[in-house]
Amino acid sequence: MNTNPLIPITPGPGLLLVLSAPSGAGKTTLAHRLTQEFQHANFSVSYTTREPRGPEQNGKDYHFVDPRLFLQMVNRGDFIEWAEVHDNFYGTARRSIDRVIASRGIAVFDIDVKGGLKIKSRFPDAVLVFILPPSMDELERRLRGRGTDKDETIHRRLLAARTEIEKGSESYDYLIINDALDRAFDELRAIVIAEQARRGRVDLSLLNLQPPDFSPETRSDEK
Ligand code: ADP
Ligand code: 5GP
């Protein structure tokens with residue numbers, strides 16, 4: 001649902017927006033807010049072999065598949081990128097990208113840094129945004145507060161967080177510190193609005209830029 005009718009739909013070519021972050025930094029929260037506020041923003045639903053967490057729904061949050069099916073998809077070349085993250089497989093299907101490009105909307109990807117860089121190498125206009133926690137202590141508090149992961153999983157995710165932060169802050173286009181959610185979302189909204197106004201993304205076809213026809217046959221005021 002679009003809760004803010006003032007945010008216009010994007011008329012020009014689509015925007016591929018990749019959000020990455022160490023687990024627990026808040027990218028899923030920000031991505032959902034974005035798809036609620038912007039008409040034409042769609043979440044790219046990845047495939048994963050991990051178990052659903054909390055209220056997650058198949059087909060909405062992820063396509064949950066078993067490792068055998070995932071491997072078949074890899075062998076068929078169904079993924080534009082895939083990776084093993086925290087001992088599970090995750091992948092972005094070619095089909096989801098094609099669909100969003102065709103709709104000319106905003107495609108929001110919640111994927112890791114390696115996946116984001118792969119998307120950028122295939123689609124150089126993709127915009128990469130990295131979400132940072134305000135501190136490592138707060139990251140741990142959020143992971144625990146989410147109440148969906150076992151202690152061992154939380155430890156693994158905290159260990160991986162440092163490497164992900166190093167890679168993301170070196171290579172991404174934008175960095176957002178998710179301290180207060182509203183403030184962080186203001187930054188994300190500003191990035192999306194600015195990127196939509198980039199030359200090449202604005203649809204000029206409605207301007208009707210053809211020069212006016214002044215030929216004598218078409219002028220009624222000629223004597
Ligand atoms: P990620 O998708 O990056 O793993 P989530 O969006 O699931 O992270 O957020 C992790 C937890 O932190 C959730 O419980 C979420 O409600 C909470 N959270 C997200 N952003 C903030 C924030 N700015 N301040 C406090 N808690 C937050
Ligand atoms: P989670 O299990 O917390 O949902 O996700 C774990 C990590 O996998 C996150 O960093 C998330 O962004 C990443 N991820 C989710 N889907 C994909 C995907 O399709 N490709 C890649 N490369 N990473 C993904």
Side-chain angles (χ1 to χ4, degrees), residues 16-36 43-65 70 73-74 78-97 100 107-122 126 128-150 152-154 156-168 171-172 175-188:
L16 302 185
L17 182 76
V18 176
L19 298 182
S20 302
S23 189
K27 68 181 171 317
T28 310
T29 310
L30 286 163
H32 282 139
R33 214 154 149 180
L34 198 70
T35 54
Q36 280 178 350
F43 188 58
S44 157
V45 182
S46 295
Y47 285 75
T48 184
T49 58
R50 87 151 158 74
E51 294 294 314
R53 193 165 61 203
E56 286 178 337
Q57 288 173 34
N58 190 27
K60 187 165 167 270
D61 299 285
Y62 279 107
H63 298 288
F64 294 99
V65 293
F70 193 94
M73 293 181 73
V74 169
D78 288 352
F79 293 121
I80 196 125
E81 65 78 33
W82 65 274
E84 189 177 350
V85 190
H86 311 313
D87 292 341
N88 284 298
F89 294 111
Y90 296 82
T92 308
R94 274 173 209 288
R95 226 164 10 107
S96 352
I97 291 208
V100 219
V108 184
F109 297 89
D110 170 345
I111 63 179
D112 76 343
V113 171
K114 225 166 123 197
L117 294 174
K118 239 179 248 171
I119 300 250
K120 183 100 174 175
S121 71
R122 303 291 303 272
L128 307 185
V129 179
F130 194 74
I131 315 289
L132 291 146
S135 69
M136 295 308 282
D137 284 349
E138 175 61 14
L139 183 66
E140 181 167 355
R141 258 194 299 279
R142 285 186 195 167
L143 278 173
R144 294 195 184 284
R146 191 161 65 182
T148 50
D149 296 305
K150 287 185 274 184
E152 186 207 327
T153 312
I154 291 178
R156 211 159 353 113
R157 287 179 181 241
L158 283 171
L159 269 180
R162 286 186 165 74
T163 328
E164 194 72 352
I165 290 174
E166 272 170 24
K167 287 192 291 183
S171 54
Y172 268 39
L175 308 180
I176 297 179
I177 296 176
N178 180 18
D179 38 18
L181 189 61
D182 284 345
R183 199 208 55 76
F185 186 70
D186 282 348
E187 271 187 37
L188 183 58

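Numbering of ligands and ligand atoms starts at 1, following listing order. Values reported hereafter were calculated over all heavy atoms of this structure, with side chains retained and with hydrogens, waters and symmetry mates removed.
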Please tabulate, one line per pair, the protein nitrogen or oxygen atoms found under 3.5 angstrom from a nitrogen or oxygen of ligand 1, with distances to 0.1 Å, or say none if there are no such pairs.
unit_1	atom_1	unit_2	atom_2	d
ligand 1	2 (O)	Thr28	N	3.0
ligand 1	2 (O)	Thr28	OG1	2.3
ligand 1	3 (O)	Gly24	N	3.4
ligand 1	3 (O)	Ala25	N	3.4
ligand 1	3 (O)	Gly26	N	3.0
ligand 1	3 (O)	Lys27	N	3.0
ligand 1	3 (O)	Lys27	NZ	3.4
ligand 1	4 (O)	Gly24	N	2.7
ligand 1	4 (O)	Arg146	NH1	2.9
ligand 1	6 (O)	Thr28	N	3.4
ligand 1	6 (O)	Thr29	N	2.9
ligand 1	6 (O)	Thr29	OG1	2.5
ligand 1	7 (O)	Arg146	NH1	2.9
ligand 1	8 (O)	Gly26	N	3.1
ligand 1	20 (N)	Asn178	ND2	3.1
ligand 1	23 (N)	Asn178	OD1	2.8
ligand 1	23 (N)	Asp179	O	3.0
ligand 1	23 (N)	Leu181	N	3.3
ligand 1	24 (N)	Arg142	NH2	3.3

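- The environment of CZ in Arg95 is sparse: at most 12 heavy-atom neighbours from other residues, nucleotides or ligands sit within 6.0 Å.
- Arg53 CZ: more than 12 foreign heavy atoms inside a 6.0 Å radius.
- When only non-hydrogen protein atoms are considered, atom 5 (O) of ligand 2 lies nearest to Tyr62 OH, 3.4 Å.
- Atoms of ligand 2 found under 4.0 Å from any heavy atom of Arg50 (numbered from 1 in listed order, with element): 1 (P), 2 (O), 4 (O).
- Under 3.5 Å, the side chains of Asn88 and Thr48 contain no donor-acceptor pair of N or O atoms.
- Heavy-atom separations between Glu164 and ligand 2 are all 4.0 Å or longer.
- Residue-ligand proximity: Gly91 is placed with a non-hydrogen atom under 4.0 Å from ligand 2.
- Residue, atom and distance of the protein heavy atom nearest to atom 12 (O) of ligand 2 are Asp110 OD1, 2.9 Å.
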Would Ser23 and Arg146 count as a side chain to side chain contact (heavy atoms under 4.5 Å, CB included) here? Give the steps. CA-CA 11 Å; Ser23 189; Arg146 191 161 65 182; 3.6 Å; yes
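- Polar contact with ligand 2: absent for Glu56 (N/O pair, distance under 3.5 Å).
- Short contacts between ligand 2 and Ser23, defined as distances under 4.0 Å to a heavy atom of the residue, involve ligand atoms 3 (O).
- At under 3.5 Å, not a single nitrogen or oxygen of Arg146, backbone or side chain, sits near a nitrogen or oxygen of ligand 2.
- Surrounding CG of Leu158 are more than 12 heavy atoms belonging to other residues, nucleotides or ligands, all under 6.0 Å away.
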Between Glu140 and Arg144, is the salt bridge (Lys or Arg N to Asp or Glu O under 4.0 Å) condition met? List the steps. CA-CA 6 Å; Glu140 181 167 355; Arg144 294 195 184 284; 3.1 Å; yes
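- The side chain to side chain contact (heavy atoms under 4.5 Å, CB included) check on Asp112 picks up Ala83, Val85, Lys114, Glu164, with sequence neighbours excluded.
- Summary of contacts: the protein heavy atom closest to atom 3 (O) of ligand 2 is Arg157 NH1, 2.7 Å.
- In terms of protein heavy atoms, atom 7 (C) of ligand 2 is closest to Val85 CG1, 3.7 Å.
- The aromatic rings of His32 and Phe43 lie tilted to each other, with the angle between the two planes from 30° to 60°.
- Only one option out of Tyr62, Phe64, Phe79, Tyr47 pairs with Phe70 in a ring-ring contact (aromatic ring centres under 6.0 Å, His included); it is Phe79.
- Between Leu117 and Val18, the closest side-chain pair of non-hydrogen atoms is not below 4.5 Å.
- Ligand 2 has an N or O atom lying under 3.5 Å from an N or O atom of Ser46, backbone or side chain.
- Side-chain atoms of Asp179 never come within 3.5 Å of backbone atoms of Pro134 as a donor-acceptor pair (strictly under, hydrogens ignored).
- The line from CZ of Phe109 to CD1 of Ile80 is 8.0 Å long, rounded to the nearest 0.5 Å.
- Distance from atom 20 (N) of ligand 2 to its nearest protein heavy atom, with residue and atom name: Glu81 OE2, 2.7 Å.
- Protein heavy atom nearest atom 9 (C) of ligand 2, with residue, atom name and distance: Lys27 NZ, 3.9 Å.
- Around atom CZ of Arg94, more than 12 heavy atoms belonging to other residues, nucleotides or ligands sit under 6.0 Å away.
- For atom 13 (C) of ligand 2, the closest non-hydrogen atom of the protein is Asp112 N, 3.7 Å.
- Near Ala83, the atoms of ligand 2 lying under 4.0 angstrom from a non-hydrogen atom of the residue are 22 (N).
- Looking at every heavy atom in both residues, Ser96 comes nearest to Val45 through OG-O, 4.2 Å.
- Not a single heavy atom of Lys114 lies less than 4.0 angstrom from ligand 2.
- Contact annotation: the side chain of Lys118 never approaches that of Ile111 to less than 4.5 Å [non-hydrogen atoms, C-beta and beyond].
- The closest approach between a heavy atom of Lys118 and any atom of ligand 2 is not below 4.0 Å.
- Annotation: atom 6 (C) of ligand 2 to nearest protein heavy atom, Tyr90 OH, 3.5 Å.
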